Amino acid sequence: MLTMDPVTIILIVILVGGYFLFYRPQFIVKPARKRKELVAKFEQAAALNLNLLTGLRQFASNHQLLDEPFMENESFRKKIAELEAARGEVLSDENLLLIKARNPQNLDIQLLDKSLDDQLAYHQRIQKYFDRYRSAHRFN
């Protein structure tokens with residue numbers, strides 16, 4: 001039979017206890033925490049999308065600019081259609097419910113995080129361009 005001295009046994013117990021206290025919980029808690037972050041990011045992107053849609057529609061309608069060039073030689077109408085498509089395909093209420101309902105282990109967290117980052121960046125770019133457009137053309 002193998003015998004161990006008490007110091008070795010204490011060290012093994014400390015190492016195993018440390019693993020369960022500090023290292024292992026990161027893998028258990030992180031997906032749930034990350035999912036909450038994804039929900040917040042999703043809600044931020046959806047709110048920005050809705051604000052942009054409302055702002056662009058009102059602005060273009062009020063100033064009769066729907067078919068005028070707006071961004072990247074595309075009309076207001078085209079950008080509004082892109083934002084509506086993003087809302088219907090990516091930023092829909094159904095997708096938000098899927099993110100909230102899914103088991104974090106079944107959710108491709110990295111892909112979803114990248115997709116939401118891309119959506120936020122694109123929407124923020126449109127917002128900045130819209131703000132510059134309004135100030136350059138002295139529209140309020």
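On a predicted model such as this, the values are computed, not experimentally measured, just so you know. Only heavy atoms go into these numbers, but all of them, side chains included; no hydrogens, no water, no symmetry mates.
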Discussion item. Side chains of His63 and His137, heavy atoms from C-beta outward: is any pair under 4.5 Å?
Written reply: no
Just so I know, are the side chains of Phe42 and Ile99 near enough to count as touching, which here means a heavy-atom distance under 4.5 Å?
yes
Rounding to 0.5 Å, atoms CG (Leu52) and CD (Gln124) come to a distance of 9.5 Å
message: Heavy-atom count check: over 12 atoms from other residues, nucleotides or ligands less than 6.0 Å from Lys41 NZ?
response: yes
Q | Mutual orientation of the aromatic rings belonging to Phe76 and Phe59 [parallel < 30°, tilted 30-60°, perpendicular > 60°] | A | tilted
Both conditions, 6.0 Å and 45 degrees, for the charged tip of Arg132 above the ring of Phe130: are they met here?
no
CD of Glu43 to NZ of Lys100, rounded to nearest 0.5 Å, is 5.0 Å
So CD of Glu94 and CD of Glu89: to nearest 0.5 Å the spacing works out to 12.5 Å
Legend entry - Minimum side-chain heavy-atom gap Leu66-Ile80 below 4.5 Å: yes
Item to check | Close side-chain approach of Leu56 and Ile126, heavy atoms under 4.5 Å | outcome: yes
Here the pair of heavy atoms bringing Leu120 nearest to Leu48 is O-CD2, 4.3 Å
Quick one: does Asn49's side chain have a donor or acceptor within less than 3.5 Å of a partner on Leu83's backbone?
yes
All heavy atoms of Leu116 vs all of Leu91, minimum pair found to be CD2-CD2, 4.3 Å
Just wondering, more than 12 heavy atoms not from Asn62 lying within 6.0 Å of its CG?
yes
Minimal heavy-atom distance between Tyr122 and Lys79, with the atoms involved, is OH-NZ, 2.8 Å
Query - Sidechain N-carboxylate O distance under 4.0 Å for Glu84, Arg57 - result: yes
